[in-house]
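Have a look at the structure below before the remarks.
As the structure is a computational prediction, the values presented were derived from the model and not from experiment.
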Amino acid sequence: TMPRMTVDPNYCKGCGLCIAACPKKIIRFSENINAKGYNYAECFEQEKCIACKMCYVTCPDVAITIEK
């Protein structure tokens, strides 16, 4: 299966650390806003994800899931 990076909008506070950490630069802020009023992070090019987990380890809110 393809690697997949997903962000749980309910936990993301839009800090942007995962965006800075991603070596492939495939994470951005969503135009959508979560219940807490934050533009949460999203992966916009799943097919380029290499499941390196840099975003996962950087996330202070444990909002990211990586599937290999």
Side-chain angles (χ1 to χ4, degrees):
T1 57
M2 294 282 294
R4 184 164 172 80
M5 176 274 197
T6 49
V7 178
D8 186 329
N10 300 312
Y11 292 109
C12 178
K13 65 170 184 276
C15 70
L17 290 173
C18 59
I19 295 173
C22 180
K24 293 293 184 179
K25 303 298 174 210
I26 53 173
I27 307 171
R28 66 182 172 205
F29 287 119
S30 171
E31 290 180 11
N32 300 317
I33 293 172
N34 66 13
K36 295 176 189 162
Y38 300 115
N39 290 82
Y40 53 88
E42 66 178 3
C43 176
F44 61 92
E45 287 190 271
Q46 290 288 355
E47 66 279 1
K48 291 188 180 176
C49 179
I50 55 169
C52 68
K53 296 193 175 171
M54 288 300 293
C55 58
Y56 174 82
V57 299
T58 313
C59 181
D61 299 294
V62 199
I64 296 172
T65 306
I66 302 291
E67 299 165 74
K68 277 196 166 174

> Where is the tightest heavy-atom contact between I64 and C55, given as atom of each residue plus distance?
Replying inline: CD1-O, 3.5 Å
>> Counting only heavy atoms from other residues, nucleotides and ligands, does the tally under 6.0 Å from CD of E47 exceed 12?
In response: yes
>> Give me the atom names and distance for the closest heavy-atom approach of I50 to K24.
In response: CG2-CE, 3.7 Å
>> Looking at N39 and I33, would you say the former's side chain and the latter's main chain have a donor-acceptor pair under 3.5 Å?
In response: no
> Side-chain heavy atoms under 4.5 angstrom apart, residues restricted to Ile, Leu, Val, Met, Phe, Trp, Tyr: same cluster for V57 and I27?
Replying inline: yes
>> For M5, is there any backbone N or O sitting under 3.5 Å from a side-chain donor or acceptor partner on Q46?
In response: yes
Would you list the atom pairs, donor with acceptor, under 3.5 Å between side chains in residues 7-23 and any protein atom, with sequence neighbours excluded?
residue	atom	partner	partner atom	Å
D8	OD1	N10	N	2.8
D8	OD1	N10	ND2	3.2
K13	NZ	D61	OD1	3.3
K13	NZ	D61	OD2	2.8

> If every non-hydrogen atom of A51 is compared with every non-hydrogen atom of I66, which pair is closest and at what distance?
Replying inline: CB-CG2, 3.7 Å
>> Looking at K25, I want to see if its NZ is surrounded by more than 12 non-hydrogen atoms of other residues, nucleotides or ligands under 6.0 Å.
In response: yes
